[in-house]
Structures are given as structure tokens and as C-alpha cells.
**Q** 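Before anything else, here's the structure in question.
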Amino acid sequence: MRLLFNGICLILAIILSGCITEPIVRGPVIPVPAGVAYVTPTYAIPGPGYVWGYHARFGWGWHHPQFGWHRAWR
């Protein structure tokens with residue numbers, strides 16, 4: 001009886017376990033101004049809330065609506 005119980009628990013553990021990963025969140029489509037080539041990010045997002053965007057003077061970079069441009073762009 002105990003062997004049957006252990007076997008059922010093992011099977012349930014195998015069936016119900018799995019990789020838990022963070023879901024992929026698709027960001028908004030980035031509008032690219034006319035005549036500007038899109039450049040992909042060269043480093044990881046600095047924190048939650050940042051969006052990859054274009055700055056007319058500095059080019060592409062991470063922008064946060066509350067904190068502004070990453071790496072002190074103003």
C-alpha cells in the first residue's frame with residue numbers, strides 16, 4: 001500500500017512539476033522617425049518601466065517616463 005502511495009505521489013510530482021519562467025512581455029512597437037535607422041539595444045534593460053526609444057540629439061537609448069533617459073541623458 002505504501003509503495004502504491006509513493007508511486008502515485010512520484011507520478012503526480014513529475015506531471016505537475018515544470019519550469020516556471022517569467023512570461024515574455026512584448027513591448028510597444030517603437031516608432032522610428034523618418035530617415036533614422038533603428039538600432040537594437042546594446043545592453044540589457046536597466047530596470048522595470050524603461051522603454052527603448054529615440055532621442056533627437058543623443059540617438060537610441062533607454063527612457064523611463066519618471067526618471068528620464070538612462071545614463072544621464074536629459
**Q** Using a cut-off of 6.0 Å, state whether more than 12 heavy atoms not belonging to Leu10 lie near its atom CG.
**A**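 Result for CG/Leu10: enclosed.
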**Q** Among all residues two or more places apart in sequence or in another chain, which pass the side chain to side chain contact (heavy atoms under 4.5 Å, CB included) test with Phe5?
**A**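 Only Cys9 meet the side chain to side chain contact (heavy atoms under 4.5 Å, CB included) criterion with Phe5.
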**Q** Any idea which heavy atoms bring Pro65 and Gly49 closest together, and the distance?
**A** CD-O, 3.5 Å
**Q** Among residues at least two apart in sequence or on other chains, which ones pass side chain to side chain contact (heavy atoms under 4.5 Å, CB included) with Pro33?
**A** Val36, Tyr54
**Q** By side chain to side chain contact (heavy atoms under 4.5 Å, CB included), which residues pair with Val39, not counting sequence neighbours?
**A** Trp60
**Q** Ring centroid separation for Trp62 and Trp52, is it under 6.0 angstrom?
**A** yes
**Q** Who pairs with Leu4 by side chain to side chain contact (heavy atoms under 4.5 Å, CB included), at least two apart in sequence or on another chain?
**A** Ile8
